[in-house]
2 protein chains.
Amino acid sequence: MTITQLEYIVAVDTYRSFVAAAEKCFVTQPTLSMQVQKLEDTLGVKLFDRSKQPVTPTEIGIEIITQARILLGESEKIKEIITDRQKELSGELKVGIIPTVAPYILPKILHGFIEKYPQVKLIVSEQTTETIIQQLKLGMIDCGILSTPLNESSLTELPVFYENFVAYVSKNSKLSKKKTITPEDIDMEEIWILNEGHCMREQVLNICQRRKSTQGFKHFEYNTGSVETLKRMVDQNNGATILPELALAGLNDKQLDKVRYFKSPEPAREVSIVIQRNFLKRRMIEALKNEMLEFLPKRMKSKKKREVMDI
Amino acid sequence: MTITQLEYIVAVDTYRSFVAAAEKCFVTQPTLSMQVQKLEDTLGVKLFDRSKQPVTPTEIGIEIITQARILLGESEKIKEIITDRQKELSGELKVGIIPTVAPYILPKILHGFIEKYPQVKLIVSEQTTETIIQQLKLGMIDCGILSTPLNESSLTELPVFYENFVAYVSKNSKLSKKKTITPEDIDMEEIWILNEGHCMREQVLNICQRRKSTQGFKHFEYNTGSVETLKRMVDQNNGATILPELALAGLNDKQLDKVRYFKSPEPAREVSIVIQRNFLKRRMIEALKNEMLEFLPKRMKSKKKREVMDI
DNA sequence: AAGTTTAATAGAAAAAATCAATAATTACTA
DNA sequence: TAGTAATTATTGATTTTTTCTATTAAACTT
């Protein structure tokens, strides 16, 4: 007994004709006839009296067709569950994301996401942590992707991944001599750092424990909002900087030589999707989170063996 | 989406293991895995999270599996309809049948009937019309097969077929000269007739309009209860008799030469299944009737162009 | 009684389900 | 943390099932 066979007998009952029923089912008449016969065989009863025109269901046929209609109704409900779900997955999703995360994760998942959920319109804006929090509270965006913990009681954090910090050092730097480093090895004098307003600036300062430069003074200051710029400063000048590990993707061999990992427990940041406590668009945000997780390597999904930096 | 696929996902949900589920469904694990995947493809959603052990249904998977269980329940009900019906088709069916019908119809359908309904025990007894009516009223038998109409208000008649009477005449008889005959042609003197108590005797007398023999007298009387004996009397002696047409089946060519049909409207008898007004065992009796109809030629199912004889 | 409509049947082709063998993951354990 | 065991996915061959076209058989209509 198959659902198709039940559809066929319901059609025959409805149209009282094998030819008409076959047409409505988009199959040929022999196909439908054989399937009806097969069902009659498996059930062991005649469902239709074909001896006169129009064909009529037998007494037991009426009972079974009635039940078949019920079953087909239940099968429709399964499809409804899917379409209902898809409705929840349509509309706009406004996302605020911090600039130190955005370039390393969004481009990777954007294509897959819009492919998977064509009914969702993603509206992404790069903002600082502070702005994102404000907009979340005002309901101007649906979720934020940023570094946590925030200690904001009105917001809920859904941790997505843990990303280690690494040092990126020029050949001239003392750090270059070591295989693995500790925060104590860092000379604040030579470190390129993001400008104010970026939470990652605070995290990096935390790593370095806000130590004063041991000797001399910084000969110049350069303020940037972009991690990529920090990297280029090291590449084209001297000194060192701290990068999130996802920024290493796409480095060439020469650049990878400049990477120095911290000794365990490595300093790291927690990246979360942050939402209002009474949040809507659960499904869409869930989908976004899953899409991110799918792209990330497994090791980044656990807090273990790291020291998560405060903001 | 097939019922089998739904069975598979319910099994996986129940056992939380593809291997165990496959075993319970009596298929191999790859078979089950592929069908689950196919269902996931057609629905366009992941139903199970296989990334950890034991496998767990996804959020939407839970909804769909719940609905699948409902659907499978409805599919069980279809089978129940059949088994319920079969219960109604089991037990004893006591049938009373008149001797002038019994030998020509019962042997033909008996084999097919017990084949088709192995749970039914048919208990048949040959009786005269009078006895059958009595036993029906007393509930000692479930139905009677006899010639109608009876004019018994407490009984219901379900006409099954109409059987013409034909003349069976020896070479010596005047009737033998004619191709078709009329009742007026019959000479009561030479007619062999059933003895008292058989309704067919009355019907044959009605055909002959109880005419007195025109001349001479009967030199001997022979009383029999069997139509077959009447036939042999004609074969081995002289004279003529009246037979029901089903008695012609199995005659050889020489015997068929002795058959003379009446001019239209041919005299006929109505044979019915007779039951009590508030009758039980509907299904079994219905089945018996259908079995009889299946064996009978189409022309015997209609009253047309006949004159139904009273009893 | 001839022509039309309708369902059944036969045979071939396409599609699908199943299995055995094996690969890839994930979990467990020393 | 490496190695083993258990579990699910994949592959390719085989069998089963479904579907189609062409035709036959039966019932209905005129």
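Since this is a predicted model, take the numbers as computed values, not measurements. Values below: every heavy atom of this structure, side chains too, minus hydrogens, waters and symmetry copies.
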Item to complete: Using a strict 4.0 Å threshold on nitrogen-to-oxygen distance, state whether B:Lys289 and B:Glu286 make a salt bridge.
Response: no
Worksheet item: Taking only side-chain nitrogens and oxygens of A:Thr31, does any of them come within less than 4.0 Å of OP1 or OP2 of D:dT19?
Response: no
Worksheet item: Would you say B:Lys301 has more than 12 foreign heavy atoms packed within less than 6.0 Å of its NZ?
Response: yes
Fill in: Neighbours of DNA chain D within residues 42-54 of chain B, by heavy-atom distance under 4.0 Å
B:Arg50, B:Gln53
Worksheet item: With the threshold set at 4.0 Å, does a side-chain nitrogen-carboxylate oxygen contact exist between B:Lys77 and B:Glu74?
Response: yes
Item to complete: Provide, to the nearest angstrom, the distance between the CE atom belonging to B:Met34 and the P atom belonging to D:dT11.
Response: 9 Å
Worksheet item: Looking just at side-chain N and O atoms, do A:Gln203 and A:Ser147 make a donor-acceptor pair shorter than 3.5 Å?
Response: yes
Discussion item. Classify B:Ser33 by what it touches in the nucleic acid, base, sugar-phosphate, or nothing, heavy-atom distance under 4.0 Å.
Written reply: sugar-phosphate
Practice prompt. State plainly whether the residues A:Lys52 and A:Asp49 are in salt-bridge range, i.e. N to O under 4.0 Å.
Written response: yes
Discussion item. Need to verify one output field. Residue with the more 5' nearest nucleotide on DNA chain D, B:Val55 or A:Thr2?
Written reply: B:Val55
Discussion item. If I take atom CD in residue B:Gln35 and atom P in nucleotide C:dC19, what distance separates them, rounded to the nearest angstrom?
Written reply: 10 Å
Practice prompt. Verify the contact: side-chain N or O of A:Lys38 to OP1 or OP2 of D:dT17, cut-off strictly under 4.0 Å; return yes or no.
Written response: no
Worksheet item: Rounded to whole angstroms, how far apart are CG on B:Asp41 and P on C:dA16?
Response: 13 Å
Worksheet item: B:Leu39 CG to C:dA16 C1': how many Å, rounded?
Response: 15 Å
Practice prompt. Identify whether the distance between the nearest side-chain nitrogen and carboxylate oxygen of B:Arg69 and B:Asp13 falls below 4.0 Å.
Written response: yes
Discussion item. Does this structure show an ion pair linking B:Glu59 with A:Arg283, if we count only N-O contacts that are shorter than 4.0 Å?
Written reply: yes
Worksheet item: Is the phosphate of D:dT19, meaning OP1 or OP2, less than 4.0 Å from a side-chain N or O of A:Tyr8?
Response: yes
Discussion item. Please evaluate residues B:Glu270 and B:Tyr162 with respect to the criterion side-chain contact (heavy atoms from CB on, under 4.5 Å), reporting the C-alpha separation (whole Å), side-chain torsions for both, the decisive distance (0.1 Å), and the verdict.
Written reply: CA-CA 5 Å; B:Glu270 178 184 70; B:Tyr162 297 88; 2.8 Å; yes
Practice prompt. Counting heavy atoms from C-beta on, name the nucleotide in D:dT18, D:dC20, C:dA17 closest to the side chain of A:Thr28.
Written response: D:dC20
Worksheet entry | Near-strand residues of residues 13-26 of chain B, defined as heavy-atom separation under 4.0 angstrom from DNA chain D | B:Ser17, B:Phe18, B:Val19
Item to complete: In whole angstrom, give the distance that lies between atom CD of B:Gln37 and atom P of C:dA16.
Response: 16 Å
Discussion item. Before you tell me yes or no, could you show the steps for A:Leu89 and A:Gln119 under side-chain contact (heavy atoms from CB on, under 4.5 Å), namely the whole-Å CA-CA distance, both residues' side-chain angles and the distance that decides it to 0.1 Å?
Written reply: CA-CA 7 Å; A:Leu89 276 168; A:Gln119 300 305 312; over 6 Å; no
Practice prompt. Look at the side-chain N and O atoms of B:Gln29 and state whether any lies under 4.0 Å from the OP1 or OP2 oxygen of C:dA20.
Written response: no
